Amino acid sequence: MTELPTRYLASETESKWYARWESAGLFQPSDLPGQKTFTITIPPPNITGSLHMGHALCYPIQDVLGRYRRLQGDSVLILPGQDHAGIATQSVVEKQLRKAGTSGAQLGREKFVEKVWEWRKESGDTILRQFRALGCAFDWSRSRFTLDDRYAQAVLEVFIDWFERGLIYKGLRVVNWDPALQTSVSDIETERKTINGKLYYVRYPYADGSGEILIATTRPETMLGDVAVAVHPSDARYTGLIGKTLRLPLMDREIPLIADPYPDPEFGSGAVKITPAHDANDFEVGQRHGLEQPIILDPRGRITEAGGVYAGLSREEARKRIVQDLESEGYLVKIEDHAIPILVSERSGEIIEPLLSEQWFVRQTELAKPVIQAIEDGDVRFVPDRYARVALDWLENIRDWCVSRQLWWGHRIPVYYDEAGNAYAALNEEAAQAKAGALRIVRQEEDVLDTWFSSGLWPFATLGWPEETDDLKRFYPTDVLVTDRNILYLWVARMMMMGLDKLHERPFRDVYIYATVLTEDGRRMSKSLGTGIDPMGIIERIGADALRYALLSQTGMNQDLRFGERRTEDARNFCNKIWNATRFVLMNVEAPPVRPESLEKVDRWLLSRLARTEQAVRAAYEGYDFQEACQALYRFFWSELCDWYIEVSKARLADPETRAVPQWVLLTAIEAFLKMMHPIMPHLTEELYQHLPLSGKAEFLMSAAWPESLPEADLEVETEVERVFEATRSLRALRAEIDLPAMKPIDTVYFEGDLGGLEEVLRTQGWVQQLRAGRPEGIKSISTTAGGLDLHLPIEGLIDPEKETARLTKEAEKVGAELQKLEQRLANPQFTERAKPEIVARERAQAEELRLRLEKVQARRQLLSD
RNA sequence: GGGCGGUUAGCUCAGUGGUAGAGCACUUCGUUCACACCGAAGGGGUCACAGGUUCAAGUCCUGUACCGCCCACCA
């Protein structure tokens, strides 16, 4: 007997087991002889992060893989940690300082960085606590942070090496500039948007007064920095005019008309104004033609001295004034509405300004080569594999990587300058001084490195690199990277570059890209849109296991996943079903049962289904098809174990003579099921496993072994038993026709055909007292044919002949239509000659069966009308 | 502009060329006997559209439409 409650109460169970696993040391890799390792270094979340639905999918996936491998006997390391997240963190702390009436600028670099560390200590690991609530079995003793001393050492090491190999250089380039945060930002930290803007048409007159060129621009203020107007060399409108001089309106400067392939002759007048310092394309044009690069916007987004009378204005004010002035001076031809693509900074919400500035770059072509090779060779495998092509396309057209950021929070670039301005990359000032020799080191570079530079080292810096640690030897390369498709380039590709360059070995074997979690109506989940769902709220209400199942049961090779809270109900119900079915078994089993000598067909049926479910679930886990695993487990448990096997066993369990066999079968099935379900629902399964009366049980389900030596699948028994189930369903339907409620016993049912020893299944599941072979003579009855059996249900009271005729007519129609379709096909010689013989044979047999059934139905209808 | 996904029941989605499936929702019936977070029985689909290949197409090929994502220098 058991005192388990009739409902699964998640919150108590989950925290209890998490604590017990942890104190038993199960989150750390075991070290048994001959064990394979399985390693994941989790994508380090930002220290500013808090759990959203994407996390609630990403991290449990890794936990599922880890738990699965543990059950398979591997030594599993899932190494957690966090990313210092330069911009995100710096802006969070800045915001707090502003609230407190101060600012980073007031504190100065050193004090500010101290403040950030304080902040991290206090509230930087919220998200890691939330991973625990999700049940993630990560090795917290190995947790890493991208700004740890040892980690920082690794970052500098790579930088210095690349600097010395000439892979890192400093250069002037147009970068994404965030005027609010006053730093360059990476593409990933920007968002592409289209806004309703204006297209301004401006006259640029020839200096000799011989005419003018019409220029269209969406950013009129940038004309202050114009150095040329470009047209396509083959544009007939400008033949012979190339090289002429134009007068730049408002600025009283002369600029040349140049020919360059960049302008599209189809667009507008075909002429483009060239502002090299404020547009990446214009910059390239300027480079080709050796043009100057006047910078007209400062880091805060204000017009510089180069902007003449407009100096000091913000970019918005400048635009307004310039448009006014153009108009009053007669240069403005027209203004049209125009959809303008812009970039917005995700951190500040500010419009990104393309700005020429001095930045550090990493040459990418050379580093990308081994990555391309590894992907093409299948050395690193993408799942779904379509992402391999996406990655390759990017790598083959790669551009140099801007790695400097004008921030304080991060890895300060280890470049030191001597008094003559020479640059040295070194671990510290002393080392730099040693390299400089007689010249004195006077300053260090102010910028810090892009956060992705340090996270690119994640799979090996977390294991102790550059030291040859035991962990590094044992766990590198890792097995799989589980991530979001959005950071394929920025992170995944970089890790591969860095891993292949520094360790000459792929950082991971597989890259599994999981689906993006969307709202139920297909919109993005975002806090600002108010469309986000808080995973913690769901965990509190129904538990982490149900949340995990709800998400994982929709996760396969798909690109998106639509998630609404409604869906969590199914998951909760399934948890409860598992709970109660196990409870039922516990109520019916006292001691560890012994394996019986002989089994009945239903027993063999269930065990065969179990064996095939195990195959399916194992293949699904290995192939990252969690949806498939969930479905196989759900069907086995609910539709097969609960709906049929348990129901059939009830009578057997009630009889002391027959109960031993179903007891053993039930426990075998439940134990195997809990193990297979455990990766997805770790807490619930652990709790139930602990109650199972098994001999030789593991201390924890989590550290138990995957189901072994299950009986073999037996397809013949499956077919045989399922035929009887089909007959049973038909009998129940027949009962329903005469309004007999389910489970209400009826006296007698007659059957014709071979039940193959499964009489008890049909009798108990059809809720019949007595099953008789043969047909009822001289008794009114209604009949059906299913699963190769004829079933006759005697009617005591009156049959409603109309209703019964209608039922039989409908059945005759259905069977007739099916038969007709088959006969047509079989009459076609093309089919019988060309189709595979087994298909033809099967269809012939089916047609025969249908013909027989149709005859019976028609006979019954005839009988009724007599 | 280029590339990649998707379009199957009211909803969310499965579906190895061989008679269209699941879960939820819906309808009817049923609560002492594991679970009403349950059980039983039902209704519901010209598989986006148009061509083609095939004895046979939701499935393979070509094209079109719509939705979504990524990349790209259209001022």
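Lettering follows sequence order; numbering is per chain, from 1. This is a predicted model, so every value here is computed, not measured.
Using Watson-Crick or G-U wobble geometry with both donor-acceptor distances under 3.5 Å, U31(B) finds no partner in any strand shown. Nucleotide A22(B): paired with U12(B) (Watson-Crick or G-U wobble, both distances less than 3.5 Å). Across all strands shown, U54(B) forms no Watson-Crick or G-U wobble pair with both distances under 3.5 Å. Across all strands shown, G63(B) pairs with C49(B); the Watson-Crick or G-U wobble distances both stay below 3.5 Å. For G68(B), the paired base is C4(B) (Watson-Crick or G-U wobble, both distances below 3.5 Å).
Contact between the side-chain N/O atoms of Lys744(A) and the OP1/OP2 oxygens of U31(B) is not found at any separation under 4.0 Å. For G39(B), one of the phosphate oxygens OP1 or OP2 lies less than 4.0 angstrom from a side-chain nitrogen or oxygen of Lys577(A). Considering only side-chain N and O atoms, Arg7(A) lies under 4.0 angstrom from the phosphate OP1 or OP2 of C37(B). Arg386(A) has no side-chain polar atom (N or O) that falls below the 4.0 Å cut-off from OP1 or OP2 of C4(B). Under 4.0 angstrom from either OP1 or OP2 of G39(B) there lies no side-chain N or O belonging to Arg732(A). Residue Asn281(A) places no side-chain N or O under 4.0 Å from the OP1 or OP2 atom of A75(B). Look at Arg572(A) and you won't find any side-chain N or O under 4.0 angstrom from OP1 or OP2 of C37(B).
Comparing the P positions of U8(B) and C13(B) gives a spacing of 10 Å, expressed to the nearest Å. Of the P atoms belonging to G17(B) and C26(B), the separation is 37 Å, rounded to the nearest Å. Rounded to whole Å, the P atom of G58(B) lies 11 Å from the corresponding atom of C49(B). Taking the P atoms as reference points, U64(B) lies 11 Å from G3(B), given to the whole Å. When the P atom is used for both G51(B) and C24(B), the distance is 39 Å, rounded to whole Å. As rounded to the nearest Å, A20(B) and A56(B) have C1' atoms that lie 15 Å from one another. Rounded to a whole angstrom, the distance from the P atom of G30(B) to that of C69(B) is 49 Å.
Looking at heavy-atom distances under 4.0 Å, Ala733(A) makes contact with sugar-phosphate atoms alone, never a base. Here Arg729(A) lies in heavy-atom contact (under 4.0 Å) with sugar-phosphate atoms only.
Rounded to an integer number of Å, the gap from CZ of Phe584(A) to C1' of C35(B) is 11 Å. The distance between atom OH of Tyr387(A) and atom P of C4(B), rounded to the nearest whole Å, is 13 Å. Separating the CG atom of Leu199(A) from the P atom of A75(B) is a distance of 8 Å, rounded to the nearest angstrom.
If you check C11(B), A75(B), C38(B) against the side chain of Glu520(A), the one that comes closest is C11(B).
Nearest heavy atoms, Gln293(A) versus Ala277(A): O-CB, 3.9 Å.
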